[in-house]
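Shown next, in structure tokens, is the structure this report addresses.
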Amino acid sequence: MTDRYALIGNPVAHSKSPWIHAEFARATGEDIEYGRIEAPLDGFAGAVDAFRRGGGKGLNATLPFKEAAFRYCEGRVTQRAAAGQAVNTLHFRTEAHGDNTDGVGLVRDLSGNLGLDLEGKSLLLMGAGGAAQAVVGALLDAGAGSLVIANRTVAKAQALAARFPGVIACGYDALEGRVFDVAINATSAGLSGEAPALPKGILGKGTLAYDMVYGRETAFLAAARSAGARACDGLGMLVEQAAESFFVWRGVRPETRLLLQKLRGG
Ligand code: ATR
């Protein structure tokens, strides 16, 4: 019998996840179906319960439900989900189990697809919301030499950094004069056509500038490109986190490189 999975979020209409999982299923021969569920903003738990009653095996949770998905699992979460207090992968057995594949997705994109060894590198992470929270642990585990979290609201960066030994928090102004190997934009600024207010000179020729947003040239990526930095969007992270979710559910790891090429129109 075909096992059912879906993406739950609001909105979900334009997500590439159903297409990606359909491709993974075809390539691996796994008999799954992957749909999309647009849940009301105040109706996450009810929508998940209904999906489970219908026999659903697992869900990916996206904005704005990753924290709600974490709460839904009532503590049955992996360590990497607990670290970010957010769940993007729900797995239903008798009870609901939660995992988070975003951090490993970002690290695999940086290291595998973009060829960047994070060991010893200086990293700047912009943002301190859910997207940033989900990746700090994985970046540190990958061997980052140093990690600075910068955010418009400095107190939020401080609260996040305080959970991880050695991580420094600051506002954008305080970055003046700093140089980083990798600068990761985990803010939602790009969705409203804005970029974090970085001082001049932060992004340069030796920097890999990464925006977790995909499918559009954000103001951050445009600024990075014009400063001579290597600019990358978050499409590879999307594919890699999907592959890891697929592995969590099915125990089979799909190949990602060709699929990513296909998505980029290559
Ligand atoms: P997400 O789950 O996508 O991280 P979030 O929790 O609402 O969403 O967090 C949004 C992040 O983007 C925050 O770090 C926010 O900064 P503040 O904490 O100061 O609000 C950041 N952000 C949003 N718009 C921004 C902008 N125009 N410039 C800089 N940072 C912005």
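When a ligand or atom number is given, it counts from 1 through the structure's own listing order. Keep in mind that this is a model prediction, so the values were computed, not measured.
Crowding of Lys121 atom NZ: a count of heavy atoms from other residues, nucleotides or ligands under 6.0 Å exceeding 12.
The protein non-hydrogen atom at the shortest distance from atom 27 (N) of ligand 1 is Glu194 OE1, 2.5 Å. Looking at atom 5 (P) of ligand 1, its nearest protein heavy atom turns out to be Gly129 CA, 4.0 Å. The protein atom (non-hydrogen) at minimum distance from atom 2 (O) of ligand 1 is Gly130 N, 3.3 Å. Residue, atom and distance of the protein heavy atom nearest to atom 3 (O) of ligand 1 are Ala131 CB, 4.1 Å. Counting only heavy atoms of the protein, atom 21 (C) of ligand 1 lies nearest to Thr187 CB, 3.6 Å.
The atoms of ligand 1 that sit less than 4.0 Å from any heavy atom of Gly127 are 14 (O).
Between Phe92 and Tyr72, the angle of the ring planes goes over 60°, which puts this pair in the perpendicular group of the 30/60° scheme.
Closest non-hydrogen pair, Ala161 versus Ile168, comes out as CB-C, 4.2 Å. When every heavy atom of His91 is checked against every heavy atom of Arg93, the shortest pair comes out as ND1-NH2, 3.0 Å.
When each of Leu59, Leu7, Thr89, Asp102 is paired with Ser245, the side chain to side chain contact (heavy atoms under 4.5 Å, CB included) condition holds for Thr89 and for no other. None of Leu123, Leu147, Ile202 except one satisfies the side chain to side chain contact (heavy atoms under 4.5 Å, CB included) rule with Phe180; the exception is Ile202.
Nearest to atom 10 (C) of ligand 1 by heavy-atom distance, out of Ser188, Ala189, Ala219, is Ser188. The heavy atom nearest to atom 17 (P) of ligand 1, out of those in Leu63, Leu198, Leu191, Thr153, is found in Thr153. Of the candidates Asn151, Val154, Asn185, it is Asn151 that places a heavy atom closest to atom 14 (O) of ligand 1.
The parts of Arg152 lying near ligand 1 are both backbone and side chain, judged by heavy-atom distances below 4.0 Å.
Within the 6.0 Å centre-distance limit, the rings of Phe65 and Phe44 are counted as a close aromatic pair.
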Check your understanding: Does the salt bridge (charged side-chain N to carboxylate O under 4.0 Å, His left out) test come out yes or no for Asp31 and Arg4, once each step is laid out?
Key -> CA-CA 9 Å; Asp31 187 11; Arg4 287 176 50 231; over 6 Å; no
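Under the 4.0 angstrom criterion, atom 7 (O) of ligand 1 counts as lacking any protein heavy-atom contact.
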